[in-house]
Amino acid sequence: MNEAIYQQALKDLAQAAHGAGRLAGHDGEALRDNPLCGDRVRIEIVRNAGLITALAQETRGCLLARASASLLGLRVPGQTPEQIAAVARALREMLNGGELAADAWPEWAMFQPVRGHRSRHGCVLLPLEALLQALAA
Amino acid sequence: MNEAIYQQALKDLAQAAHGAGRLAGHDGEALRDNPLCGDRVRIEIVRNAGLITALAQETRGCLLARASASLLGLRVPGQTPEQIAAVARALREMLNGGELAADAWPEWAMFQPVRGHRSRHGCVLLPLEALLQALAA
Amino acid sequence: MSWDVSAVRRQFPFYANLEHPLHYLDSAATAQMHAAAFEAMGAHDIHARSNVLRGNHRLAEAATLAYEAARASVARFLNASAAEEIVFTSGCTAAINLVAGALAHSLQAGDEILVSLAEHHSNFLPWQRLRERGVLLRALPLDAVGCIDFSRLEVQLGNRCRLIALTHASNVTGALTSAADIAAVVAAARAVGARVLLDGAQRVQHGPVDVRQLGVDFYAFSGHKCFGPTGIGVLWGRREALAELPPFMTGGGMVGRVAIDESSWAEPPRRFEAGTPPIAQAVGLGAVLEWMLALPWERIRAHEEALLLRLLAGLMAIPGVALFGPANAADRLPVIALRLATHHSHDVCQVLDSRGVAVRGGHHCAQLLHRALGVEETVRASLALYSDADDVDALLAALHEAARVLA
Amino acid sequence: MSWDVSAVRRQFPFYANLEHPLHYLDSAATAQMHAAAFEAMGAHDIHARSNVLRGNHRLAEAATLAYEAARASVARFLNASAAEEIVFTSGCTAAINLVAGALAHSLQAGDEILVSLAEHHSNFLPWQRLRERGVLLRALPLDAVGCIDFSRLEVQLGNRCRLIALTHASNVTGALTSAADIAAVVAAARAVGARVLLDGAQRVQHGPVDVRQLGVDFYAFSGHKCFGPTGIGVLWGRREALAELPPFMTGGGMVGRVAIDESSWAEPPRRFEAGTPPIAQAVGLGAVLEWMLALPWERIRAHEEALLLRLLAGLMAIPGVALFGPANAADRLPVIALRLATHHSHDVCQVLDSRGVAVRGGHHCAQLLHRALGVEETVRASLALYSDADDVDALLAALHEAARVLA
Ligand SMILES: Cc1ncc(COP(=O)(O)O)c(C=O)c1O
Ligand SMILES: Cc1ncc(COP(=O)(O)O)c(C=O)c1O
């Protein structure tokens, strides 16, 4: 049952580490720890005319956190803060047992097997929470 | 069962309040509280040539404490500290379920019904503990 | 429809297993435990026993879910805004010590704390101890029957007051602190920037509480007094009030990052839950509070009040009985402190016990209140939702007996 | 005769009620609870539920006797000189906070506390926090496998050291602090007038302890790690060591006389037990410790050691497994921290859980130890007296699986 979580696609996404690294200059950043496991995500963003134009992420964590952060690196550039808020809502809903919203990023679907494992929700959410914090700063 | 504790003899002993009051001058004193009920016993003694020649007691407490203190007022004058130590041992043994030593003050027998009521042992012992403390001071 | 005592007694293993008749009138000290707590704790310890928050195997998941569900139950019982406002402690005393100990870090010499002379030692000593830091302790006095005299609030409330700590109901006189008095205290506290803590230890046994309506900042109580297990208590804190407090105890589970020189704290409520919490006990408490939330409290209050009036009437007929606390039943819990002539409370209790009546003697951890009433100790009888008229009548008969035996 | 695991499992309701096979290898976090605790607590809460120490009716008598009998059982388990040296707390973390908080009242700026980098946060943060009072925190470093480097004792022990706080066994590496090292620490501490505290949280699960032989001043542990209930812990303190400490928490039951300006404290152990204690939990712990006292510990140690060796041998055969802790089985508990290649411990635990193997990932509340080993987190498997070869083999097979699934 569980290894459904660790599908090849998810491992590949984590491995790809989209957006990995730091930005020379940025308009917002946030560092977030998961105190339970010591995992840590740093998010840096550049904003321009209402859009997030670049995102860099540095993630020390499990496959779930790394895949989730990598997805941000892939998908966030070009989005508005409002779109990110909607994405966060959709992800939370899905983790809490709901359907994935039709207009949500389809890659979130690969995190569906995490639903039944409450203790891992935080791993998936950590990068997004860091991003929301960077946006709010 | 319980009112066996409150025999007339015990009530009379408490009422008699032998040794009640204070001594003008004394060679030792002790003040002891029972923190559970706020009861308090003050013992003052005068010693002479190895004997306790006088004892005064001031007791605010239940019938058991008052009867026990009154017994000290009655019996202690003329005793040696060693005799008091033996008396304390005999009383503790009796409360813990043993027989009253043959040479112990016979009045302790009226406290026998207290044996089964652990929470009251402290009431009976409080005056004697104060006396031992006054002797040690 | 009236409250069915025999039905509720069937839900208390204590009553179901009683071998000799016993009139338990000491629920203010510790109430009997409801079956829901036995069952929830038993099942938890068999099927979901594990440490919480720190693992991801199935038992750790189950334990964490159960523990957090219990937190949500407490939040419902208190009508808190969020489960995150609920901190589990080992008891009411620990909850109050937590606030006092955490607050101590930011108190300055000359700051003031306001309490009352009606407080249980657990809501007095932690504040008195802050005097070591130069904090001034002030106390509202009592009126002739032992109720807090709120007319003195303005006089006693200094500008530098940082916290007002009061009981929601006295464990001796049963006096309830009224919603109006609490509102006045909260308004006065706001004016000087002070927080308000209510000690709910006695109050919770008599029904759910609405902390938002009360308007206070902290609320503390224990599980064992509201039909739950020993070893568990609750501190509710308004979100902002908790957020500004540093931890009281430190250890596993309440930190962010630990370095040799400095560490960072987790957010509330975890910041205040150092170490492995009383997990099964929280689960037991949660189950009991859910049961309580579903009870018909109006009927229970009517039942308790009827018993209280029966008791009061019977007591007035016993020569030499002196009573304390509010005259009006609506202003009090069914908790009664009395003196029988000049007899010592422990002698009285002893005779009562021999008649199968369990009440408590002593100062009930409220020496200041007793001294204000001019006595050292009292006999206290306390009724709960499982008490009945037989209990009351047995107590009255036994008091007559005691007067005879001790005369 | 060898140790009969299936017989002992029948005494654990967890095993008797297991619906799906589960290899519980997380006993270092929380051990399963023995039937003796279920029964003692259940019976107590039905037949003798009452508050303790404050009443004289028959239930209060029964509860007080049971509570004090539990204290005597703990004293026997630790071979303490007297029951009065046993303080009940809500857990090991609370016990250590008690000593740190009480000691704080007499510490001066410049005084020192010595710990080690192997400590659980619960035996590190309470001491670190004393830095707010100008106290200097020193730490013994670790060797390459994560064991405390006692060769540095002399260098790290200053003249103004007031207390040395060390773990009796690491919750990560399983390393036992040897009797010889403890003796050296005690001798060094005596030379500068420092007290010694041992954190026995992990050690107690593996048999009775002799605090008098150890020669230390304080010993702390939790009930839930030695087959007892959650919500209860123990602080043992040598009579003189307890006597010189003021209270940590204050409240009902721990005072002598209370006045508005000043109060006097009760004698130990009551001085340290403010409020209603975890009564039923103490009774449950007492029952479990009596059971433990009667066990054949030599056979159990041989059993645990055999399993440990089987596990170690199997782990060596898994490519990419890195192990920490002492090489010699006699120097350690059957607790093993490992890394599987570069895989994150929570991913490994997740796969293991899907195979019915419950182990723990993370930093195990020992961030400094992990950092000293150059890692952030590890997988920890911990065995207890109810573990068997099947558990070990299932763990090994699941680790092979995890390596495959996560690759
Ligand atoms: C070595 C060690 N010390 C202290 C503790 C703290 O114990 P508790 O969480 O039961 O208070 C633990 C367990 O978590 C531990 O393993
Ligand atoms: C009014 C009041 N406050 C506080 C407490 C302390 O509660 P606990 O002893 O459960 O910590 C009690 C009960 O003893 C109480 O009656």
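Just so we're on the same page: letters track the sequence lines, and every chain starts at 1.
- Side-chain contact between Ile260(D) and Phe124(C) is present, with heavy atoms from C-beta onward closer than 4.5 Å.
- Residues Pro247(C) and Arg129(D) meet the side-chain proximity criterion, which asks for heavy atoms closer than 4.5 Å.
- Between Val258(D) and Gln367(C), the closest heavy-atom pair is N-OE1, 2.8 Å.
- Both the backbone and the side chain of Ser263(D) have a heavy atom closer than 4.5 Å to some heavy atom of chain C.
- Of all heavy-atom pairs spanning Asp45(D) and Gln32(C), the tightest one is O-OE1, 4.1 Å.
- When Val115(C), Leu137(C), Thr276(C) are compared by the number of non-hydrogen pairs under 4.5 Å with chain D, Thr276(C) comes out ahead.
- Contact annotation for Ala100(C): neither backbone nor side-chain heavy atoms come within less than 4.5 Å of a heavy atom of chain D.
- Proximity to chain D is limited to the side chain of Val255(C), based on heavy atoms less than 4.5 angstrom apart.
- Comparing Lys225(C), Arg371(C), His120(C) by heavy-atom pairs within less than 4.5 Å of chain D, the highest count is held by Arg371(C).
- Proximity to chain C is limited to the side chain of Leu117(D), based on heavy atoms less than 4.5 angstrom apart.
- When each of Ala29(C), Gly233(C), Gly251(C) is checked for heavy-atom pairs under 4.5 Å with chain D, Gly251(C) comes out on top.
- Heavy-atom pairs under 4.5 Å with chain D were tallied for Ala31(C), Ser222(C), Pro277(C); the largest tally goes to Ala31(C).
- Annotation: maximal heavy-atom pairing with chain C below 4.5 Å, among Ala37(D), Gly252(D), Gly356(D), occurs at Gly252(D).
- Proximity to chain D (any heavy atom under 4.5 Å) is restricted, for Ala139(C), to the side chain, taken from C-beta onward.
- Contact of the Phe248(D) side chain with the Asn97(C) side chain is not registered, since no non-hydrogen atoms from C-beta on lie closer than 4.5 Å.
- Atom CZ in Arg49(D) sits 5.5 Å away from atom CE in Met33(C) (nearest 0.5 Å).
- The most heavy-atom pairs under 4.5 Å with chain C, out of Ile232(D), Leu18(D), Ile96(D), Val359(D), come from Val359(D).
- Contacts between Arg257(D) and chain C at a heavy-atom distance below 4.5 Å involve backbone atoms as well as side-chain atoms.
- Both the backbone and the side chain of Ile46(D) have a heavy atom closer than 4.5 Å to some heavy atom of chain C.
- Under the 4.0 Å criterion applied to side-chain N and carboxylate O atoms, Arg58(C) and Glu19(D) are not assigned as salt-bridge partners.
- More than 12 non-hydrogen atoms from other residues, nucleotides or ligands lie less than 6.0 angstrom from CD of Glu132(C).
- Both the backbone and the side chain of Ala94(D) come within contact range of chain C, judged by heavy atoms closer than 4.5 Å.
- The choice from Gly91(D), Ala60(D), Gly223(D), Gly228(D) that makes the most heavy-atom pairs within less than 4.5 Å of chain C is Gly228(D).
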Test log, rule side chain to side chain contact (heavy atoms under 4.5 Å, CB included), inputs Asn56(D) and Arg360(C): CA-CA 7 Å; Asn56(D) 62 336; Arg360(C) 186 154 295 238; over 6 Å; no
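- Contact of Ala282(D) with chain C is not made at all, since no heavy-atom distance falls under 4.5 Å.
- The shortest side-chain heavy-atom distance between Ser50(D) and Thr30(C) does not fall under the 4.5 Å cut-off.
- Looking at residues two or more places apart in sequence or on another chain, you find no salt bridge (Lys or Arg N to Asp or Glu O under 4.0 Å) involving Glu61(C).
- Ranked by heavy-atom pairs under 4.5 Å with chain D, the list His363(C), Glu262(C), Arg131(C) is led by Arg131(C).
- For the pair Cys365(D) and Gly253(C), the tightest heavy-atom approach, listed with the atom from each and the gap, is SG-N, 4.0 Å.
- Tyr24(C) and His57(D) have perpendicular rings, their planes meeting at more than 60° on a 0 to 90° scale where under 30° would count as parallel.
- Under the 4.5 Å side-chain criterion, counting only non-hydrogen atoms from C-beta, His121(C) is not in contact with Thr250(D).
- Residue Arg133(D) touches chain C through its side chain alone, counting heavy-atom pairs closer than 4.5 Å.
- Chosen from Asp261(D), Asn123(D), Asn17(D), the residue pairing most often with chain C at heavy-atom distances under 4.5 Å is Asp261(D).
- Proximity to chain D is absent for every atom of Trp127(C), based on heavy atoms less than 4.5 angstrom apart.
- Most heavy-atom pairs under 4.5 Å with chain C: of the set His346(D), His364(D), Gln128(D), His105(D), this distinction falls to Gln128(D).
- The closest side-chain heavy-atom distance from Leu59(C) to Phe14(D) is below 4.5 Å.
- For Ala259(C), the parts lying under 4.5 angstrom from a heavy atom of chain D are both the backbone and the side chain.
- Every residue meeting the side-chain contact (heavy atoms from CB on, under 4.5 Å) condition with Ala274(D), not counting sequence neighbours, appears here in chain and number order: Thr93(C), Met249(D), Met254(D).
- For a residue to count as touching a neighbouring chain, one of its non-hydrogen atoms must lie under 4.5 Å from one of that chain's; by this rule Glu376(D) touches chain C with the side chain only.
- No donor-acceptor distance shorter than 3.5 angstrom exists from the side chain of Ser90(D) to the backbone of Ser90(C), with no hydrogens or angles considered.
- Of the atoms belonging to His224(D), heavy atoms from both backbone and side chain fall under 4.5 Å from chain C.
- Only the side chain of His47(C) comes within contact range of chain D, judged by heavy atoms closer than 4.5 Å.
- For the options Leu22(D), Thr89(D), Leu98(D), Leu125(D), heavy-atom pairs under 4.5 Å to chain C are most numerous at Leu125(D).
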